[in-house]
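Numbering of residues begins at 1 and proceeds along the displayed sequence. Everything numeric here is computed off the predicted structure, so don't read it as measured data. Indexing begins at 1, ligand by ligand and atom by atom, following the structure's order.
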Amino acid sequence: MRIAVVGTGYVGLVTGSCFADMGNIVTCVDVDQKKIRDLKKGIVPLFEPGLEEIIKRNRNRRLFFTTDLSKAVQSSDLIFIAVNTPAGKNGEVDINNVKAVALGIAKSINRHKIIINKSTVPIGMGDIVTQILIKRGPKDLSFDVVSNPEFLREGSAVADLLRPERVVIGATNRSAAQKVAEIYKPLRCPILITDLKSAEMIKYASNAFLATKISFINEIANLCDKVGADILQVTKGMSYDSRIGSQFFNSGLGFGGSCFPKDVAALVAIGKTSGYPFRILPEVLRINQFQRTLFVEKVRQIVGPLRGKTLAVWGLSFKPNTDDLREAPSLSILPALMARGAKLRAYDPVSMGKAKALLKKVKFCKDPYETVQGAEAVLVLTDWNEFKQVDFQKLRSILKQPILIDGRNMYDPREMAEKGFAYHGMGRGETSNF
Ligand code: NAD
């Protein structure tokens, strides 16, 4: 099929590249001229495992990049919108990018097109896009609007896109939905065809549910700390129950990234404007923020007054295997520690380039060992695999004090005690007998 994908961020670039790899002819469009210039040269502007190879395999054969929306629209049958939909001032969704693309399509549409929205958008956006096309497009316009929300996760985006657990397609016209479903058929996954609004709601409800699961388990972890239970034993015991499951069940610093915080806030805002003010979701967001505050307080209690003390920080991205810092716990925890007078030495395997612009006054180091020079404690903020392989003896010999404060519950408290560390996790209680 001839496909245009508008927006070459985490979703658009991965989607476009994978669709090309599956044999379609894909043109990726973006307003960011530098990004497109780089992509044309084969420079991939974001880190996502496996993506660079796919782009290399398909670039200039089935995968093309342009800033010219009009040409891309005219030469394609299906147009995916995958632009960013950031949070507005009060948590509501800023839909201006999607509207701008819809207007661009309306101005250049030359024959029947299927316009598919992959961006996460408020329920009813399909109707807004339809209205823009009717009002601003040519008189004899023929088109279908489809919703195809994306569920990929950064850090495993390629694998998620190629092996989805489900594909959701919402449309008014079933044959347009079926045409979109054709693209996904080779992936052999369940495909739900439904109406536009239900498809849009499925995305928000899924993210809000997962965020709620994380905030719930964080509250249980906080109670574990009070009563001396180990949250890892608790979640293990709960996870055997298939009704509960084990995913998105890690206690620690809470959720971050460009989706969960924004999408939960958006659903709260949608609820308010639709006459249903949510009770549970504002609390989910408050608990998430509280986890960061709690961690800073934990550090202060363990290390003592922070003024003039040096701390080593491991991990800055909001989760492993991504360079994405959006809503990362590090962005609120590091400034809070510095405001209390701490000096910070930080390391992250891939996000330091981006972090340097956001976290001034932090000393960025070349590896985990360099961070601990003169440090009173190590703080783990992202559970990168690399941190599991550390030589703890070497670490102990460099650290001023062998204190490890693990915001991601990466390590076993008993093993850490054997290695001579004072170990503190999130909700690990008094677990040394396990
Ligand atoms: P992103 O910020 O990484 O990329 C968005 C891209 O769209 C940018 O390159 C930007 O320049 C481009 N853009 C903005 N306006 C444009 C316009 N008018 N014309 C052409 N290009 C334009 O965003 P993302 O993380 O890929 O997210 C895209 C959408 O998908 C959002 O709605 C997001 O909520 C949703 N989503 C994201 C993820 C994720 O893990 N990142 C997962 C599922 C869904």
Q.
Test salt bridge (Lys or Arg N to Asp or Glu O under 4.0 Å) on D225 and R428; report intermediate values, then the result.
A. CA-CA 6 Å; D225 263 342; R428 306 306 298 272; over 6 Å; no
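- For ligand 1, residues of the protein lying within 4.0 angstrom by heavy-atom distance are V6, G7, T8, G9, Y10, V11, D30, V31, D32, K35, A82, V83, N84, T85, N97, V101, S119, T120, E150, L152, E154, K203, S258, C259, K262, R326.
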Q: Kindly determine whether D241 and R243 satisfy salt bridge (Lys or Arg N to Asp or Glu O under 4.0 Å), including the steps that lead there.
A: CA-CA 5 Å; D241 187 330; R243 292 170 303 176; 2.7 Å; yes
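- Annotation for F216: atom CZ does not count as buried by contact number, only 12 or fewer foreign heavy atoms lying within 6.0 Å.
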Q: Dump the intermediate steps for side-chain hydrogen bond (donor to acceptor under 3.5 Å, both in side chains) on T382 and W314, then the final yes or no.
A: CA-CA 7 Å; T382 316; W314 288 2; over 6 Å; no
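- Using cut-offs of 30° and 60° on the angle between ring planes, the pair F392 and Y411 is perpendicular.
- Salt bridge status for E297 with R300: present, with a side-chain N to carboxylate O gap under 4.0 Å.
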